[in-house]
There are 2 protein chains.
Amino acid sequence: MPDPDRPSPAAARTGSGSGRRPSAAAGRYGGRPTMKDVAARAGVGLKTVSRVVNGEPGVTADTESRVRAAIEALGFRRNDSARILRKGRTASIGLVLEDLADPFYSPLSRAVEEVARANGSLLFAGSSAEVPAREQELALALCARRVDGLVIVPAGEDHRYLEPEMAAGVATVFLDRPAQRVEADTVLTDNADGARRAVAHLIAHGHRRIGFVGDRSAIHTAGERLRGYREAMARAGLPVDEAWVAMGPTDPDRVRAGLDRMLSGPHPVTAVFAGNNRVTVTAVRVLYGRPGPVALVGFDDFELADLLRPGVTVIAQDPARLGRTAAELLFRRLDGDDSPPRRVELAADLLVRGSGEIPPAG
Amino acid sequence: MPDPDRPSPAAARTGSGSGRRPSAAAGRYGGRPTMKDVAARAGVGLKTVSRVVNGEPGVTADTESRVRAAIEALGFRRNDSARILRKGRTASIGLVLEDLADPFYSPLSRAVEEVARANGSLLFAGSSAEVPAREQELALALCARRVDGLVIVPAGEDHRYLEPEMAAGVATVFLDRPAQRVEADTVLTDNADGARRAVAHLIAHGHRRIGFVGDRSAIHTAGERLRGYREAMARAGLPVDEAWVAMGPTDPDRVRAGLDRMLSGPHPVTAVFAGNNRVTVTAVRVLYGRPGPVALVGFDDFELADLLRPGVTVIAQDPARLGRTAAELLFRRLDGDDSPPRRVELAADLLVRGSGEIPPAG
DNA sequence: CTGAAAGCGCTTACAG
DNA sequence: CTGAAAGCGCTTACAG
């Protein structure tokens, strides 16, 4: 949790400006000059300084130039934190996601940032590391800072903790995964549909034994993609051997073990559907090193997927579009849109590149 | 610039809590309860509420439970913005970099975030898009919010605008590229050394005509890598034909044009040194599609570089380590370290994978 | 153990 | 056109 208690390194500096009480002001914000200091130096009232700083009308050219000179001489910069306290709007939003470094989430972050910028807001960003307690801690810390809104890729499965915040006016949009146990705006990809199409594509290329390596089942997107996998198999009248399904963490060792399992045994799969970008990368490492060709379709696109041999066929989400859509919805709420919570589902695109068109071995 | 002037969607809500003047409080922060409301409800003084909220000693169990009940009933959450105004430390830092979505910068962001978190700080993140005016606007907006510190990957070439902020106590660490026209802590990779080793590696493999495709010369890292390239060539007694050097924006078309130029003409290069991750990716697309093999070493590692055929030999920086180092230095400053500005240079690693060991054609 | 007063640096509402 | 007073929601310094 944020802890503003530690002393500032600038605490030793002496206060600057005229008419200040050093005992109270010394070191605070590095002893920065305030509007009061500017007013004293320019020989005007506080409100006049405020008018000049904020470009409000009703100040004579002469007065204004005296104030500007004082601002310049003192190196004054308005303290927006104080301004915010009085105005009630912080002009900042928070973004909580799984991992800022993940190639799926980083374009999404950038998109949210761009929309925030276009709307005059600053962005707090933080990673939950897929730990529900961390998501909650971050989201609530952001609310305590009174962000105007929150874009959140949930890690947890119960978001009732946000209800008081939302009721108090914090605009909240859930992204990539839906809110749970709370009504809220949600923007996500149609994961089940994407998965169905991925698996149907493999079936169309002759596969009957298809494996699925997904993220932990508790993660909504993982569950949805698993559902899509099962539905596509069922629609084609194909049975699913549970040895072909490997849900769990996306670290390479776990993924590798899951693949080994479904590729050995009496009924090895001839094709693999990889449930997200992390899984696909490991699957490429495993499958491309094997003698017998195994077909592969991945969920999520990734850089250079087209340059591998064969190129990797994927169901591509558009992370930037997801981020943009969520942030735009957020600012529409901040602009007064109080219609019922919306759920926006974006379609994913099948990108055919080679790995998904490999025919079954034998 | 942030604009907190727009009305809040919650502005229509009526104020809650007892003893508040609706005309002033209605809608502010969504009409959230304040310590004053909690105090009134619990029948205690403001300071007692503050003590309970902050876990300060000297409150009887009975008083405390009355206060806690009021907090619970009202859904009170301390307004950290107000707290910060009084305490002088915001427990937030700012990160300004080129592009949050860039695979080089996103692990760096995550690393800065982790260190901030470990030090109880929240992180503001923003992209300069390599536009100096935007870097300055962002950095100053962050200073106006009174962030405790700033980690900045500069886009501009003159950082004197930050001098008053630094003097006022904003701890500032420049990352990836040095500060210009101002003394400040800097953490970066030894770019010239990395470039020298990349080019020496190609020379050791028999190349004499080596091209360099770099970012815009105005960017410090690009200039340093160009210098390393020239030094390695000079040390080996090799001439540099200026047609082999292509500096400029890293969009694919420009990179492609630069490559075409150095690969055609009377003295085509037999090897290419790509100046950063964006350039390398395009270089791979161009070179791997050509009939005659051309050797390639890239600056910056990237995912799946080892899975391409041949694998891409690179000079790998460690973006997470860069970010961590910078953020740790920042917090050391905030903890009172006032030694002279430091310059930390991290070495880059040569990762041999195949593309850099292709012998010269012919 | 408890609380009233003053203040953080601004803006608001109002009066001249 | 200009400014003194009050207040945003907290914490500090001090007094009981």
Side-chain angles (χ1 to χ4, degrees), chain A residues 4-5 8 15 17 19-40 42-54 56-64 66-67 74 76-90 144-146, chain B residues 4-5 8 15 17 19-40 42-54 56-64 66-67 74 76-90 144-146:
Chain A
D5 289 323
S8 162
R20 303 182 70 198
R21 294 176 49 202
S23 66
R28 203 165 297 295
Y29 295 133
R32 300 196 96 156
T34 71
M35 280 194 180
K36 197 172 153 196
D37 300 322
V38 173
V44 300
L46 197 56
K47 177 61 196 170
T48 298
V49 177
S50 177
R51 285 197 181 90
V52 171
V53 169
N54 295 305
E56 288 167 26
V59 182
T60 60
D62 177 57
T63 307
E64 173 166 350
R66 285 215 322 282
V67 171
L74 258 27
F76 169 79
R77 184 177 311 283
R78 182 181 66 195
N79 182 335
D80 280 348
S81 288
R83 173 170 216 248
I84 278 161
L85 177 63
R86 198 62 180 76
K87 299 209 73 130
R89 183 94 185 246
T90 64
R145 296 295 180 101
R146 297 298 188 260
Chain B
D5 291 324
S8 160
R20 303 183 67 198
R21 293 177 47 203
S23 65
R28 201 166 299 295
Y29 296 131
R32 299 195 98 156
T34 70
M35 279 193 182
K36 199 171 152 197
D37 299 322
V38 174
V44 300
L46 197 55
K47 177 60 197 172
T48 298
V49 177
S50 177
R51 285 196 181 91
V52 171
V53 169
N54 296 306
E56 288 167 26
V59 181
T60 59
D62 177 58
T63 308
E64 173 167 350
R66 285 217 322 282
V67 171
L74 258 27
F76 169 79
R77 184 177 310 284
R78 183 180 66 196
N79 182 335
D80 280 348
S81 289
R83 173 169 216 247
I84 278 160
L85 177 63
R86 198 62 182 76
K87 298 209 75 129
R89 184 94 184 247
T90 63
R145 296 295 179 102
R146 298 296 187 261

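Just so it is clear, the values below take in all heavy atoms, side chains as well, and ignore hydrogens, waters and symmetry mates. Order of the sequence lines fixes the chain letters, A, B, ..., with proteins taken first and strands second; residue numbering starts at 1 for each chain.
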query: Can you name the nearest heavy-atom pair linking B/V59 to B/E64, along with the distance?
result: CG1-N, 3.7 Å

- request: Starting at atom CZ of B/R78, determine the distance to atom P of D/dC8, rounded to an integer number of angstrom.
  value: 19 Å

field: Whole angstrom value for the distance that separates C1' of D/dA15 from NZ of B/K47
entry: 14 Å

- prompt: Side chain of A/R146: nearest nucleotide among D/dA4, C/dT11, D/dC10?
  reply: D/dC10

- prompt: Looking at D/dC10, D/dT2, D/dC8, which one has an atom nearest to any side-chain atom of B/F76?
  reply: D/dC10

- prompt: Can you find a side chain N or O atom of A/K87 that sits less than 4.0 Å from OP1 or OP2 on C/dT12?
  reply: yes

message: Can you tell me whether the side chain of A/R51 and the base of D/dG3 have a donor-acceptor pair closer than 3.5 Å?
response: yes

field: B/R86 CZ - D/dG7 P separation (whole Å)
entry: 18 Å

field: Distance in angstrom units between B/L85 CG and D/dT12 P, rounded
entry: 12 Å

- line: The reported gap from CZ in B/R146 to CD1 in A/I84 (rounded to nearest 0.5 angstrom) is 11.0 Å

message: It should be established whether A/T60 places a side-chain nitrogen or oxygen under 4.0 Å from OP1 or OP2 of nucleotide D/dC1.
response: no

field: Presence of A/T48 side-chain N/O under 4.0 Å of D/dC1 phosphate oxygens OP1/OP2
entry: no

Position toward the 5' end of DNA chain D (nearest nucleotide), B/E56 or B/A82: B/A82

message: Going by purine N1 to pyrimidine N3 plus the second Watson-Crick contact, or the G-U wobble pair, all under 3.5 Å, which nucleotide sits opposite C/dA15?
response: D/dT2

Straight-line distance of A/N79 CG to A/M35 CE, nearest 0.5 Å: 9.5 Å

- request: Check whether any side-chain N or O of B/R83 sits under 4.0 Å from OP1 or OP2 of D/dT11, and answer yes or no.
  value: yes

query: Under 4.0 Å: is that the gap between some side-chain N or O of B/S81 and OP1 or OP2 of D/dC10?
result: no

- prompt: Is any side-chain N or O of A/N54 closer than 4.0 Å to OP1 or OP2 of C/dT11?
  reply: yes

- request: Decide yes or no on side chain to side chain contact (heavy atoms under 4.5 Å, CB included) for A/R83 and A/N54, but give the supporting numbers first.
  value: CA-CA 11 Å; A/R83 173 170 216 248; A/N54 295 305; 3.4 Å; yes

